[in-house]
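Each remark here refers to the structure printed beneath this line.
These numbers were taken from a predicted model, which means no experiment stands behind them.
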Amino acid sequence: MSRDHVQSAERSGSNAEPSPHGADAPFLELLARGAAIDVYEQPVLLARAAGAPAERIAALEHAKLLALRVRSELEGRRRREAELSALFETAHDLAGLRDLDAVLQAIVQRARSLLGTDVAYLSLNDPGRGDTYMRVTEGSVAARFQQLRLGMGEGLGGLVAQTARPYVTDDYFRDGRFQHTSTIDAGVRDEGLVAILGVPLMLGPHVIGVLFAANRRARVFEREQIALLGSFAALAAAAIDTANLLTETRSALADLERANEIIQDRSGVIERASDIHDRLAELVLRGGGVHDVAAAVSQVLDGTVEFTESADASAQALEASRAEGRAVRHGEDWVAAVTAGGELLGALVLRGHPGLDPVDQRTLERAAMVTSLLLLARRSAAEAEQRVRGELLDDLLDARDRDPRLLRERASRLRADLDATHVVLAARLDGIAADADQEAAARRRLWSAASHLAATRHGLAAARDGGTVLLLPLVPGDTVTDLARRTARHLGTAVHEAVTVGASAPVDDLAAHPDAVAAAYAEGRRCLDALRLLGRTGDGAAADDFGFLGLLLAGDRDIAGFVDRTIGQVVTYDERRGTDLLHTLDAYFACGMSPARTKDELHVHVNTVAQRLERVGRLLGDDWQSPARVLEIQLALRLHRLSGGRRP
């Protein structure tokens, strides 16, 4: 605008208020041609130089501010339009993803262009190596920087990955918020970077990498720029996720193609597999059991397939099958372990069929899998019953004022008979767990195995005192010791760890005398502790198995029973024959087990002493003079005398 033009304009309006239109005109022209920001000061400067009135200059100043505001708004809109366009183009690239590297490169290029930075780059985490590596760079000139591999948690990227939040530094080498390493600092120094902005690449809650924008000079990144880079990071994460899904899909398609080729080549195999599948599916749907599965597979494989408990199969073959997840040959048989969650539930055994092709082997393995599913389904249905069994046993142990009639009804619904003779067994694991979680898992396995055993034996089981307590019926002809040892072996095999079991003496009429259950449990625990103190872990025993120590372990101190078990036959012999073998034994021990001194004490011939001792040996056994037996016999003699010599 010329000086004469300004003066003419001023003369024409010297007596009027500043015209907004006259003041706006030069700035509208500047806006129309997109002039640089520093040019907007010229109309004001020219007016001042021409000596324009203050009102005119004020109007120009006001118009300048409005024009600059409009210019800023227009620039912001153009910038947002460019950003949205770039994001749209990136999303379009992602929708037609063919090459992940090309999409990531485009993202980094657009981020660098829109933010106006010297360098932009993207790093990804490598879970296999436990570090982070540069995936894409744009504007980088340093080879060492482009090949950086960073340890997790190192550098600005490590801070972003740890917090899952954007971080910016205007002076990298003076920023102490993150861990500096010589490797990273050397790469950044080679590239000459000063100001760095990093935003996380998120897949769900996980950080998979970081997108960076950096300058080689100091710079303050605005909030809008941080948000823009975050948007590009979200697209980059989506591109990576899409590429992974495509890779998995392609891999799955390739697997399906290979499977289809195999299916086409072996149509006969498919027919057989379909047949066994239909049979097994039918069995599952109609509620068949494991033995029904074994029968169906027997027909398909033209052999004899049996389901066996873990204890009834070869331990070596079972372990090999479980470790490999395959059926293994064992002599003339094939064994397929039935497992679930690491627990060995049993095995399917194909008898007398050494020649088995891979298809039939796979059929046996699938049958084992179906068997495990059936057992798990049965177990899940039985878990409620197990909890009810545990609650009933807890009530017998703790709530001693329960109504006997209600206790019998509850037991009857669980197919347990509280009027039968039972044994209370305390079981505990003897392995050393690596941590608390493993110990808790081992205890759960023990409780599960004990509950299963109780359900099959019409008993009860509950978790208690870090172990398990069982209430099992004592069948005629069985002994408490046999039951305890058998239970220890069964539970140990089920949980694959040594299990020690202490048993009580038999108890009767539990519903009417619930106190007996608590007392029997205390006795079983004392036997359990004694076994562990004696180093007999993994074994089972009752108080009777400890000789005279059983008196200390038994809850009711069965002195009469101990005397009867130890010297009862001698007492009976004396009563029936009118002999005096007990007196002879007393004298024999009092005389230091010397026949010569014993005959003087009894005033009989030494041959008489010898004949009496021989008779004692026939009654008590050849080892009656062993140190352990001698101690028990002397204790029994003393207890017999203290009881007044009455028949135990």
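Between L446 and L491, some side-chain heavy-atom pair lies under the 4.5 Å cut-off. Proximity of L581 to L619: side-chain heavy atoms (C-beta onward) are separated by under 4.5 Å at one or more points. By the 4.5 Å heavy-atom criterion applied to side chains, V423 and L472 are not counted as neighbours. Between H422 and V517 there is no side-chain heavy-atom pair separated by less than 4.5 Å. In this structure, the side chains of T500 and R428 stay at 4.5 Å or more apart for every pair of heavy atoms.
Under 3.5 Å, the side chains of Y573 and R615 contain a donor-acceptor pair of N or O atoms.
A donor-acceptor pair under 3.5 Å is absent between the side-chain atoms of T481 and the main chain of A541, judged by distance alone. Counting only distance, with no hydrogens or angles, the side chain of H330 and the backbone of V328 share no donor-acceptor pair below 3.5 Å. Formation of a donor-acceptor pair under 3.5 Å by the T468 side chain with backbone atoms of A462 is not found in this model. Within the 3.5 Å criterion, the main-chain N or O of L483 finds a donor-acceptor partner in the side chain of T487. Not one N or O on the side chain of R464 forms a donor-acceptor pair closer than 3.5 Å with the backbone of V469. Side-chain N or O atoms of R445 include none that pairs as donor or acceptor with a backbone N or O of H496 at under 3.5 Å. Under a 3.5 Å cut-off, the side chain of S504 and the backbone N or O of V424 do form a donor-acceptor pair.
Contact between L470 and A450 at its shortest, heavy atoms only, is CD2-O, 3.7 Å. In this structure, A327 and W334 approach most closely via the heavy-atom pair O-CZ3, 3.6 Å. Shortest non-hydrogen contact noted between E497 and A442 is OE2-CB, 3.8 Å.
Listed by chain and number, the residues in a salt bridge (charged side-chain N to carboxylate O under 4.0 Å, His left out) with D580 amount to none (sequence neighbours excluded).
The only option from N607, T598, L602 that meets the side-chain contact (heavy atoms from CB on, under 4.5 Å) definition with R612 turns out to be L602.
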Using the rule given for side-chain contact (heavy atoms from CB on, under 4.5 Å), can you reason through L613 versus W624, listing the C-alpha separation, both sets of side-chain angles and the distance that settles it, and then say yes or no? CA-CA 10 Å; L613 295 178; W624 73 277; 3.9 Å; yes
With side-chain contact (heavy atoms from CB on, under 4.5 Å) as the criterion, how do V616 and T584 come out once you've worked through the C-alpha distance, each side chain's angles and the decisive distance to 0.1 Å? CA-CA 10 Å; V616 170; T584 302; over 6 Å; no
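Atom CG of D623 is surrounded by more than 12 heavy atoms from other residues, nucleotides or ligands within 6.0 Å.
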